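For reference, the structure is listed below as structure tokens.
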Amino acid sequence: MQTQQTPLINPFGVELDLEKGLMRGAKNHLVRRASDMRGYYADAAALQRLIGEENDPVHYEVFEVPVPENYGHLMYCISTLRPGLVGQEYFMTKGHYHSIPNTAEIYLCLRGEGYMVMKTAEGKFATERMTRGRMVYVPPFWAHRSVNTGTSEPLVSFCAYPAEAGHNYGDIAVQGFPKRLFAKNGECVVA
Ligand code: F6R
Ligand code: ZN
């Protein structure tokens with residue numbers, strides 16, 4: 001039965017800094033810089049300039065206090081995506097499907113503004129606004145990427161998803177998403 005695959009652990013609590021967008025005592029702290037984003041932006045030359053001339057800035061950080069990656073547990077994280085542009089394209093996360101595709105995810109936006117950009121393997125595409133206090137439900141089977149469309153604030157969100165879900169980056173690294181988010185004359189344009 002499923003319960004035999006679900007390790008019993010003790011309850012715990014975690015302190016979050018909602019303003020700074022970090023999780024105290026996080027055991028996993030992922031930092032992705034511009035140089036980790038090669039191949040993801042439309043303007044590869046602009047990304048190279050950021051890496052070479054602006055000291056390879058941090059794009060985003062993810063904080064986790066991990067739980068067993070088994071059915072029944074919930075993984076959760078704080079994701080903090082800096083503001084910025086690569087050419088005219090807003091800073092964004094790599095984006096991924098879950099390795100177990102029929103697993104959903106909830107994102108609660110805590111600070112900043114942006115969009116969750118989503119697609120399915122069958123060609124559906126959707127965006128959902130992310131602003132403080134707004135929750136985005138990413139249904140099973142939808143690849144997801146967050147984009148910071150703000151000019152000065154980080155886009156901070158809390159996410160939760162089935163702990164066994166895993167991450168499949170390969171398909172997005174190859175195919176990308178059908179549309180990108182650009183800043184044109186101070187407006188966000190999806191193209
Ligand atoms: C977990 C999840 C988020 C992202 C994070 C970074 O399933 O969706 O925690 O992992 O926002 O984005 P990626 O993983 O696409 O680099
Ligand atoms: Zn995810």
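Order of appearance sets the numbers: ligands from 1, and atoms from 1 within every ligand. All residue numbers refer to positions in the sequence shown, counting from 1. Please read these numbers as outputs of a predicted model, since none were measured by experiment.
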message: Tell me if the centroids of the rings in Tyr161 and His167 come within less than 6.0 Å of each other.
response: yes

message: Among the N/O/S atoms of Glu105, which is closest to the Zn ion (ligand 2)? Give the atom name.
response: OE1

- prompt: Hey, does the side chain of Arg145 reach the backbone of Lys94 with a donor-acceptor pair shorter than 3.5 angstrom?
  reply: yes

message: Check this for me, if you would: do Glu113 and Arg129 make a salt bridge, where the nitrogen-to-carboxylate-oxygen distance has to be below 4.0 angstrom?
response: yes

message: Only to 10 degrees, please: what angle do the NE2 atom of His96 and the NE2 atom of His144 make about the Zn ion (ligand 2)?
response: 90°

message: So that I can check it, does any N, O or S atom in His167 come closer than 2.8 Å to the Zn ion (ligand 2)?
response: no

task: May I ask you to decide if Tyr60's main-chain N or O and Arg82's side chain share a donor-acceptor pair within less than 3.5 Å?
output: no

query: Considering only heavy atoms, which protein residues lie less than 4.0 Å from any atom of ligand 1?
result: Arg32, Tyr60, Val62, Cys77, Ser79, Thr93, Lys94, Gly95, His96, His98, Glu105, Tyr107, His144, Cys159, Tyr161, His167, Tyr169

- request: For the Zn ion (ligand 2), find the closest N/O/S atom on His98 and give its atom name.
  value: NE2

message: So, using ring-ring contact (aromatic ring centres under 6.0 Å, His included) as the criterion, who are the partners of Phe158 when residues are at least two apart?
response: none

message: Can you tell whether the side chains of Glu61 and Arg32 come within less than 4.0 Å, N to carboxylate O?
response: no

Tyr41 side chain vs Met92 backbone, donor-acceptor pair below 3.5 Å: yes

- prompt: Any Lys/Arg nitrogen of Arg111 or Glu153 sitting under 4.0 Å from an Asp/Glu carboxylate oxygen of the other?
  reply: yes

